[in-house]
Amino acid sequence: MQNKFFYDGPNAAVQLSSSILRLLPASIHTPIIIMCIGTDRSTGDSLGPLVGMMLEQKGALPFYVYGTLKDPIHAVNLEDRLKDIQQQHKHSFIIAVDACLGRVKNVGMVTVEKGSLKPGAAVNKNLPSVGDAHITGIVNVSGFMEFFVLQNTRLHLVMSMAETIATGIYEAGMQLKKHQRLASLQTNELKYKLFE
């Protein structure tokens with residue numbers, strides 16, 4: 001399974017969408033949460049909130065979206081927001097979205113993986129692990145003065161990556177909606193046959 005690709009690749013959003021669909025739980029009744037982590041006070045770290053905002057604008061998703069430019073989830077409120085989300089949506093499947101730093105040749109790469117991510121690791125913050133799966137975008141180079149590097153990341157790159165990620169998540173949502181509709185029709189058909 002191809003789960004790493006560059007945001008500007010010819011089929012990046014499609015690859016992202018199918019990678020997400022492969023990770024989702026089998027049950028159509030499990031609430032899916034897209035938790036976008038980051039802050040609008042740092043260009044590099046605004047990837048998550050930008051994705052959240054773009055998803056909110058697209059609307060009509062079968063996912064719950066948390067973390068936007070208007071209402072970001074960041075280092076200060078992460079623990080509380082995570083608790084609130086878990087209380088509000090019992091037995092949910094959380095996909096965390098966050099920016100990260102990496103090697104020069106990997107800047108612009110998006111990764112979709114199973115398991116949680118550790119937000120704030122690049123800037124040595126000790127925060128709780130988040131997610132049953134995660135999407136990360138490498139926005140700049142790691143290794144030296146990470147906080148400064150995040151502050152000085154090009155907005156154009158972050159916006160473009162956010163667009164690809166939001167489109168991929170939206171496409172996955174539309175596919176999931178179709179699947180849920182079909183499953184619901186089949187259930188109703190079965191009920192109808194039982195009562196015939």
Side-chain angles (χ1 to χ4, degrees), residues 2-10 12-13 15-16 19-20 23 33-58 65-85 94-170:
Q2 170 73 343
N3 66 339
K4 292 181 184 207
F5 31 83
F6 284 95
Y7 79 94
D8 54 354
Q15 286 178 304
L16 184 80
S19 297
I20 292 167
L23 291 173
I33 312 293
I34 308 292
M35 191 168 168
C36 304
I37 300 159
T39 174
D40 59 342
R41 293 170 186 259
S42 161
T43 316
D45 205 21
S46 65
L47 179 72
L50 279 165
V51 170
M53 181 195 74
M54 289 172 184
L55 286 173
E56 254 191 4
Q57 287 170 346
K58 288 177 187 288
V65 178
Y66 292 94
T68 61
L69 285 179
K70 187 179 178 184
D71 188 15
I73 297 174
H74 45 65
V76 179
N77 67 6
L78 177 70
E79 232 165 310
D80 291 338
R81 293 298 299 277
L82 188 55
K83 275 181 202 159
D84 290 346
I85 290 165
I94 297 176
I95 300 174
V97 180
D98 199 7
C100 66
L101 300 173
R103 288 153 67 182
V104 178
K105 64 175 188 172
N106 293 335
V107 171
M109 185 175 275
V110 176
T111 304
V112 183
E113 284 181 316
K114 204 178 180 114
S116 59
L117 70 77
K118 196 93 174 92
V123 286
N124 300 316
K125 283 187 177 159
N126 189 21
L127 298 169
S129 297
V130 179
D132 300 286
H134 61 272
I135 300 168
T136 52
I138 300 174
V139 296
N140 214 326
V141 184
S142 65
F144 182 68
M145 293 176 73
E146 271 85 357
F147 183 76
F148 187 71
V149 167
L150 277 171
Q151 295 280 25
N152 287 282
T153 297
R154 287 203 61 211
L155 181 60
H156 178 263
L157 171 70
V158 180
M159 288 285 289
S160 304
M161 288 182 82
E163 248 168 69
T164 298
I165 294 169
T167 303
I169 293 171
Y170 180 76

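Residues take their numbers from the sequence shown, with the count starting at 1. Atom set for the values below is all heavy atoms of this structure, side chains included, hydrogens, waters and symmetry mates excluded.
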(message) Please check if the number of heavy atoms outside Q151 that lie under 6.0 Å from its CD is greater than 12.
(response) yes

(request) Would you indicate whether the side-chain heavy atoms of V149 and L101 approach each other to under 4.5 Å? (result) yes

(request) Go through the structure and list residues passing side chain to side chain donor-acceptor pair (under 3.5 Å) with Y66, not counting sequence neighbours. (result) H89

(message) Less than 4.5 Å apart, side chain to side chain, heavy atoms only: is that true for L23 and V112?
(response) yes

(request) Supply the atom-to-atom distance L127 CG to E79 CD, rounded to the nearest 0.5 angstrom. (result) 7.5 Å

(message) For the NE2 atom of H134 and the CD1 atom of I37, what is their distance to the nearest 0.5 Å?
(response) 10.5 Å

(request) Please name the pair of heavy atoms, one in A166 and one in M54, separated by the smallest distance, quoted to 0.1 Å. (result) CB-CB, 3.7 Å

(message) Show the nearest heavy-atom pair for residues P128 and P119, with the distance to one decimal.
(response) O-CD, 3.4 Å

(request) Any chance you could measure T68, atom OG1, to Q57, atom CD, to the nearest 0.5 Å? (result) 10.0 Å

(message) Could you check whether any side-chain heavy atom of V65 comes within less than 4.5 Å of a side-chain heavy atom of I169, counting everything from C-beta outward?
(response) no

Let me have the donor-acceptor pairs involving side chains of residues 155-164, under 3.5 Å, with sequence neighbours excluded, atom names and distances please.
from: S160; atom 1: OG; to: H156; atom 2: O; distance (Å): 2.8
from: T164; atom 1: OG1; to: Y7; atom 2: O; distance (Å): 3.0
from: T164; atom 1: OG1; to: S160; atom 2: O; distance (Å): 3.3

(message) Working to the nearest 0.5 angstrom, can you tell me the gap between C100 SG and M109 CE?
(response) 10.5 Å

(request) Looking only at non-hydrogen atoms, find the nearest pair between F5 and S19 and report the distance. (result) CE2-OG, 4.1 Å

(message) I'd like to check V110 versus I165 (side-chain heavy atoms, cut-off strictly below 4.5 Å). Are they in contact?
(response) yes

(request) Would you mind reporting whether I94 and L82 have side-chain heavy atoms less than 4.5 Å apart? (result) yes

(request) Would you name the heavy atoms of P72 and G38 that are closest together and state the gap between them? (result) CB-O, 3.6 Å

(request) Take atom NZ of K114 as the centre, draw a 6.0 Å sphere, and report whether it contains more than 12 heavy atoms from other residues, nucleotides or ligands. (result) no

(request) Could you tell me whether the side chain of M35 reaches within less than 4.5 Å of the side chain of I95, counting heavy atoms only? (result) no

(request) Output all residues satisfying side chain to side chain donor-acceptor pair (under 3.5 Å) with N140, sequence neighbours left out; order by chain, then residue number. (result) T153

(request) Find out whether T43 and N152 are in side-chain contact, i.e. whether some heavy atom of one side chain is under 4.5 Å from a heavy atom of the other. (result) no

(message) Using the side chain to side chain donor-acceptor pair (under 3.5 Å) criterion, which residues pair with T167? Sequence neighbours excluded.
(response) none

(request) Using the salt bridge (Lys or Arg N to Asp or Glu O under 4.0 Å) rule, collect all pairs that involve residues 40-52, keeping only residues at least two apart or in two chains. (result) none

(message) If I take atom NE2 from residue H74 and atom SG from residue C36, how far apart are they, to the nearest 0.5 angstrom?
(response) 13.5 Å

(request) Can you see which heavy atom on A96 is nearest to which on L117, and at what distance? (result) CB-CD2, 3.8 Å

(request) Please round to the nearest 0.5 Å and tell me the distance separating atom CD1 of I73 and atom CG of D80. (result) 11.0 Å

(request) Sequence neighbours left out, what passes side chain to side chain donor-acceptor pair (under 3.5 Å) with D71? Give chain and number order. (result) R81

